[in-house]
Every structure is written in C-alpha cells, then in structure tokens.
Amino acid sequence: MGRLKRSFFARESVDLAPALIGTRLVRRLDDGTLLSGIIVEVEAYIGVKDRASHAFGGRRTARNQAMYDEAGTAYVYFTYGMHYCMNIVCAERGVPQAVLLRALEPDPASHAIMRRYRGVESERLLCSGPGRLCQAMAIDRALNGIDLCTSEQAWVESVQSPAREVVRSKRIGIDSAGVWAKRLLRWSEKASRHVSKPVDGKRSVRAAIRGSKNRKTA
DNA sequence: ATGACGATTTACT
DNA sequence: GTAAATCGTCATA
C-alpha cells in the first residue's frame, strides 16, 4: 500500500517502534530491482538519557549526526568491522531518537536475490538480525542520512493484513548499558519465525531439544 | 597517534 | 555454550 509519511515517523521512539511491526521495508536497487520484507522485530533507542544509545549524553559525532535529523531519516552505521545496522530516526529534529530494524520476514519475490547477497540458503537466516537484514537488502553506508519519505532507494509502506500479536522484551546486545539494558524496548511479532532471538524466558527450539535430551540421559 | 570496544554473525566445542 | 573475525569510531593524550 502507500508509503508512510513523515507524520507517521514524527513521534517518540517507544510509540513508533511497535507501530512499525507489520509494515513493509522496501529497497530499490540502482538497476530497479525491488527487495522487500515485513518488519517483525525492532528496538527503540530513547535518546540522550539512554545509556545504550549512540546519542547518550547528547553525543553528536560524524557517525551519529543522522540521529539529529528530521523524522523519517535513515541512520545506517557500520559495526564490528563487518556489519551494518539500519535505524529510522523519529521524534522532532534535534532530538536524537531512533528505532533499530532488527528483523524482516522477507517477501518471497526477494528470496533469490537475498540468498545471493547473504550467501545462505535458509529463508529464516535471510533477514533475522540487524546485520543480516542489511546484507540481504543491500543496505550500507550509502543509505545513511537518506530521507525515507522521499528517497527512491528505500522507504516503508503500510500493509493491510490481519492484526499481528506483538510482544515486548529486553533489547539485544547492550548488556553493558546498566539499568537501560533491562528496559523492555524491543518489540517483535510473536508468531514470526524470522525474529533474531527468542523473547525473554523462551528457549530456542534447539535449546529445548538439547534440554530434553539431557533430561532423558541424566 | 593510540588503544579499547562495539545496537553482530558465524563456526565450533 | 564460547571464541574468532575485523575495522571504523571515539575518548584520551
């Protein structure tokens, strides 16, 4: 359906994050190829108070400057020397809030190309993680700072579909953020098998199988 | 100029 | 479960 407008993104990250679940991220390559997927997992980064945010304490650097731009701006950064992560900037200009896109349910028409970009066969592993989804969607530094409300390279669309059950949990990979590591600022579609990590308190299928085996042999 | 580290992923025990 | 991969970024000097 239609591209989401700036008014959709212009709100607090804790409000935007759950609203993004079930919408569609679309990427248009230079040759016109379209790649897309339904957003099934996101995290909110609350701003200067948020120890886990790149903008903690009001930090403003060459890397995170996009976080201070207007709502609907893409904030893409490089991390661990090999992966990209994509955020959607929100709130008002000058207020560094953003929502990290952590997982997509890839649309079937995109599977073949995503498999090539990712180098894996498993559909489940195509977009189930912030670095994975960027690799699958060919999202890199070049998209940092683009306006998702007007860009021809990437945008977000509303989707008509049955209500998706959304669950909250703790954010991933920010254990060193003190009390902020415990806040429930991650949202994911409960039924999705394309989420990057199981929600708190739920073991992965693999862990459950291993657990039952150990129980029998104990 | 330098060193520690990361909003991750992958392979392996 | 643990560890390696791999390099830009940021704080400190």
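Note that these values count all heavy atoms, side chains included, but never hydrogens, waters or copies made by symmetry. Below, read A as the first sequence line, B as the second, and so on, with proteins coming before strands; counting in each chain starts at 1. Nothing here was measured: the structure is a model prediction, and the numbers come from that model.
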For Leu125(A) and Ile174(A), find the nucleotide of DNA chain B closest to each by heavy atoms; which residue's nucleotide sits nearer the 5' end?
Ile174(A)
Using a cut-off of strictly less than 4.0 Å, decide whether [X] has a side-chain nitrogen or oxygen near OP1 or OP2 of [N].
X	N	value
Arg186(A)	dA7(B)	no
Thr61(A)	dC10(C)	yes
Arg132(A)	dT10(B)	yes
Arg141(A)	dT9(C)	yes
Arg60(A)	dC10(C)	no
Arg63(A)	dC10(C)	yes

Asp107(A) and Ser110(A): side chain donor to acceptor below 3.5 Å:
no
Please determine, for dG3(B), whether a Watson-Crick or G-U wobble partner exists with both distances under 3.5 Å, and give it or none.
dC10(C)
Could you tell me whether the side chain of Tyr75(A) reaches within less than 4.5 Å of the side chain of Asn144(A), counting heavy atoms only?
yes
Under 4.5 Å between any side-chain heavy atoms of Phe9(A) and Leu20(A), yes or no?
yes
Using whole Å, report how far [atom1] of [X] lies from [atom2] of [N].
X	N	atom1	atom2	value
Lys197(A)	dT8(B)	NZ	P	7 Å
Arg183(A)	dA7(B)	CZ	C1'	16 Å
Leu133(A)	dA7(B)	CG	P	16 Å
Arg59(A)	dC5(B)	CZ	C1'	12 Å
Asp175(A)	dC5(B)	CG	P	15 Å
Arg118(A)	dT8(B)	CZ	P	14 Å
Gln135(A)	dT9(B)	CD	C1'	9 Å
Tyr77(A)	dC5(B)	OH	C1'	13 Å

Which is true for Arg102(A) with a 4.0 Å heavy-atom rule: it touches a base, it touches only sugar-phosphate, or it touches nothing?
sugar-phosphate
Please classify the nucleic acid contact of Met67(A) as base, sugar-phosphate, or nothing, using heavy-atom distances under 4.0 Å.
base
Could you tell me if the ring centre of His54(A) sits under 6.0 Å from that of Tyr77(A)?
yes
Using atom P in both nucleotides, what's the gap between dT2(B) and dT6(C) to the nearest angstrom?
23 Å
When rounded to the nearest Å, what value does the distance between C1' atoms of dA7(B) and dG1(C) take?
23 Å
Result of checking Arg171(A), Arg59(A), Arg183(A) against Asp50(A) for salt bridge (charged side-chain N to carboxylate O under 4.0 Å, His left out)
Arg171(A)
Where is the tightest heavy-atom contact between Arg28(A) and Glu152(A), given as atom of each residue plus distance?
CB-O, 3.1 Å
Has Tyr80(A) got its ring stacked on dA5(C), by the test of a centre gap below 5.5 Å and a plane angle below 30°?
no
